[in-house]
Amino acid sequence: VEAALTEEELEQRVDIYLSETDTLWMLDLPTAVVSTEAEEAGRVLERNKIYVELCNAKIDSEYFEEKMVQTISGAVKTKEVQCETITMAEKGMMVTSWDFDNSLDASETEPAKPEEATDTAEKSSKPPTAEEDGQAVAVPSARESAVPARSHEERGCHPEAILTSENLKQDLVVMERILMENIFQPRLAVYRQIPVLIEPVVTSDTEMEEEEDEEEKKDEKNQEEPSSKASPLSDVNESPAEAAAPSLEQLWSYRCDLTRGHSVSSMAWNKINPDLLAVGYREFVSQDHKEGLACCWSLKNPMWPERIFRCEHGVTAVDFSLESPNLLAVGMANGCVAIYNVRSRNDAALLDSSASLNKHTGPVWQLRWVQQDRGATGGDRKETLVCISGDGRVTQWFIQQRLDCFDLMTIKRSGKKKLPREKERRSEAPISQQAAGMCFDFHPEDTDIFLAGTEEGHIHLCSCSGKEQILGTYRGHKGPVYKVAWNPSSTDMFLSCSADWSILLWHRDSHTPLLTFTSVTAFVHDIKWAPKSAFIFAAVNERRVEIWDLSVSIFDPVLSCAASPGGNLSSILFAKNAECLLLGDSCGQVGVWQLHDLAAPSTEVRLCRGPGLP
């Protein structure tokens with residue numbers, strides 16, 4: 001509290017000075033009009049008079065001519081524009097518990113009828129009683145309630161709707177791919193043949209000094225004490241073949257809990273997307289056909305397939321279409337053929353042969369989409385699906401409203417040749433007139449010609465057009481022929497592998513094998529030519545994978561190793577855009593292996609059989 005002034009202080013004289021503050025000019029616009037009483041009024045009138053005389057002199061002057069001219073455009077000037085400030089306001093209000101209950105009741109009740117509305121209006125015109133007045137104060141109206149509450153059902157299903165939304169699933173897929181690429185980045189870089197990114201190691205100054213001291217101590221010890229290890233000169237004395245021996249390095253494996261316990265039966269790359277791989281799985285336990293799988297794997301996620309198609313029976317063959325890369329053909333152990341759309345997330349088959357009257361009665365061991373000429377001039381090419389089955393039929397399938405087929409040929413069982421001294425016996429009718437087909441391969445240049453391997457061990461050279469379906473038969477194997485493969489570079493040569501532990505190299509014009517390759521006593525399940533070399537091919541048996549290079553040796557493989565210690569190898573495939581090899585085994589995993597130090601690619605094969613031989 002301020003103290004009260006005394007009488008002496010009140011009588012004192014106080015001087016107060018009032019002064020004018022400085023003028024603050026907010027806007028100054030020079031005027032174009034001058035007052036006649038101003039000091040500069042005389043000068044302005046004199047200038048205006050001179051300007052009028054100048055204009056009058058130009059009217060009758062011969063030195064002045066009025067005409068239009070082009071004026072020089074002035075320099076461009078920058079212009080600044082300022083917009084109005086964005087006003088922001090914060091609003092809030094208090095909501096009590098009865099506001100929520102009132103808004104919930106208002107949302108659940110139906111709108112009042114016109115008669116009820118009039119009754120409520122009459123009631124509102126009357127003065128409220130004490131009870132009604134108290135109720136009106138305690139419970140506000142629905143209009144005054146701030147936030148409309150949701151129903152119990154909406155609040156209950158909201159978390160489930162978020163977890164099952166498609167946007168969340170798509171975001172999780174993208175996040176999973178980012179994590180997989182970070183984990184497998186060094187291996188994917190080796191696969192794509194690009195430099196590997198190495199993260200720098202961040203160390204402190206003290207750690208760097210300690211490491212330098214340790215390196216200096218190691219150098220001093222090496223200079224004082226002679227090394228007991230082998231001299232580095234021993235590597236120089238090695239032969240060039242040993243220094244650059246081919247080798248395999250595993251990058252990763254396509255496997256998951258879903259494929260465990262299944263055996264890899266076939267593999268196929270997508271014709272358009274070289275990073276998409278289709279793998280067929282089957283399982284045989286006590287000779288019973290179990291459920292099979294057809295999975296589509298991508299390099300973006302080696303730990304879980306992009307698409308999973310569950311089949312009632314084991315999958316024995318898969319292949320992608322070229323005209324429609326989204327179509328995947330699948331052959332099964334019960335003879336059924338199905339076509340799936342890999343773009344769709346629905347795992348149901350687009351078409352299948354279950355309703356076809358001409359469906360196979362034996363396992364479909366191999367199928368392939370083939371481009372064949374259908375025009376008169378050979379320019380019209382149409383893609384067809386061809387299958388070979390254990391019932392001895394080679395069929396061609398056509399896709400319309402349903403999947404149906406017709407027989408290209410039927411493989412007949414060939415009789416045994418009798419020896420000259422063999423006595424004639426009573427004719428024994430075979431159980432079946434057809435020989436089971438195991439594999440086929442179409443000629444890389446002429447798709448009307450194909451090879452068909454049978455369970456008898458014979459290989460037939462067949463034609464899709466013409467009266468004679470079988471052009472020739474190659475007899476050399478003593479067991480079922482599991483695979484045949486034309487050489488993509490030298491199109492007159494082809495390979496075959498069999499259960500008789502051998503691999504045979506054939507020429508189209510010779511019905512006896514040119515070379516026989518045998519390294520171990522085991523079934524040879526699959527063979528593949530290298531895509532960039534006419535001399536290199538790979539083969540898998542139950543124990544090992546072998547890489548043969550005919551330009552180096554025709555007696556021993558240049559590389560032989562056990563690539564699947566946990567199971568037996570069953571399938572092999574070369575990568576399209578990398579120096580890698582894919583190996584499928586009986587444990588349900590597909591290993592991706594990097595090939596090192598192979599010979600340079602070559603596209604010519606020249607084999608000599610000796611003097612006096614063709």
Side-chain angles (χ1 to χ4, degrees), residues 170-204 207-208 211 214-215 235 242-260 264 267-270 272-279 295-308 528 530-533 536 538 540 544-547 558-567 569 571-585 587-601:
Q170 186 66 25
D171 294 342
L172 291 177
V173 169
V174 175
M175 185 181 299
E176 184 182 26
R177 289 182 175 179
I178 293 174
L179 292 176
M180 290 299 103
E181 290 187 1
N182 290 338
I183 295 172
F184 291 92
Q185 192 275 333
R187 304 172 188 177
L188 291 174
V190 174
Y191 180 86
R192 298 188 183 278
Q193 300 177 3
I194 59 177
V196 180
L197 298 178
I198 301 175
E199 296 183 1
V201 180
V202 180
T203 57
S204 60
E207 292 178 354
M208 294 177 64
E211 291 179 358
E214 291 179 358
E215 291 179 358
D235 297 337
E242 295 178 354
S247 61
L248 285 176
E249 177 188 0
Q250 187 174 11
L251 300 180
W252 69 84
S253 295
Y254 292 111
R255 59 180 178 181
C256 62
D257 295 338
L258 192 64
T259 61
R260 186 176 301 168
V264 177
M267 299 181 291
W269 290 108
N270 189 281
I272 303 299
N273 184 6
D275 294 342
L276 188 62
L277 175 69
V279 182
C295 300
C296 294
W297 295 88
S298 175
L299 289 180
K300 299 177 181 178
N301 189 359
M303 299 183 67
W304 191 260
E306 296 290 329
R307 295 288 185 272
I308 301 172
K528 285 291 187 303
K532 298 181 180 179
S533 177
I536 299 175
V540 289
R544 310 174 72 83
V545 56
E546 297 178 350
I547 307 295
V558 295
L559 176 63
S560 178
C561 63
S564 179
L569 296 175
S571 184
I572 191 171
L573 186 65
F574 278 95
K576 285 188 174 182
N577 54 353
E579 296 293 334
C580 292
L581 193 66
L582 277 68
L583 301 175
D585 59 14
C587 298
Q589 63 180 0
V590 178
V592 181
W593 298 76
Q594 176 75 19
L595 293 169
H596 295 287
D597 300 327
L598 284 180

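The first residue of the sequence shown is numbered 1, and numbering continues consecutively from there.
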>> Determine whether N577 and D275 satisfy the following criterion, side chain to side chain contact (heavy atoms under 4.5 Å, CB included), listing intermediate values before the conclusion.
In response: CA-CA 9 Å; N577 54 353; D275 294 342; 3.8 Å; yes

>> Pair R260, D257 - check side chain to side chain contact (heavy atoms under 4.5 Å, CB included), show working.
In response: CA-CA 5 Å; R260 186 176 301 168; D257 295 338; 3.0 Å; yes

Which heavy atom of [X] sits nearest to which heavy atom of [Y], and what is that distance?
X    : Y    : answer
A538 : I572 : CB-CD1, 3.3 Å
V590 : V279 : CG2-CG1, 4.0 Å
M267 : G584 : CE-N, 4.1 Å
A189 : V196 : CB-CG2, 3.9 Å
N270 : K576 : O-NZ, 3.5 Å
K528 : L573 : CE-CD1, 4.1 Å

> Any ion pair linking R255 and D585 (charged N to carboxylate O, less than 4.0 Å)?
Replying inline: no

> Thinking salt bridges, do E306 and K300 make one under a 4.0 Å N-O criterion?
Replying inline: no

So, taking the atom named [atom1] in [X] and the one named [atom2] in [Y], what distance separates them when rounded to the nearest 0.5 Å?
X    : Y    : atom1 : atom2 : value
L595 : I536 : CG    : CD1   : 8.5 Å
Q193 : E579 : CD    : CD    : 6.0 Å
E546 : L569 : CD    : CG    : 10.5 Å
F184 : Y191 : CZ    : OH    : 14.0 Å
C561 : W593 : SG    : CH2   : 6.0 Å
L583 : L248 : CG    : CG    : 7.5 Å

> For C296, does its backbone N or O pair with a side-chain atom of R307 as donor and acceptor, under 3.5 Å?
Replying inline: no

>> Take a 6.0 Å sphere around CE of M303 and say whether it holds more than 12 heavy atoms from other residues, nucleotides or ligands.
In response: no

>> Assess the residue pair C256 and T259 against the criterion (side chain to side chain contact (heavy atoms under 4.5 Å, CB included)); give the C-alpha distance rounded to whole Å, side-chain angles, the decisive distance to 0.1 Å, and a yes or no.
In response: CA-CA 6 Å; C256 62; T259 61; 3.9 Å; yes

Is there side-chain contact between [X] and [Y], with heavy atoms separated by less than 4.5 Å?
X    : Y    : answer
F574 : L582 : no
L276 : W269 : no
L251 : C580 : yes

> Hey, what's the ring geometry for W297 with Y254, parallel, tilted or perpendicular (30° and 60° as the breaks)?
Replying inline: tilted

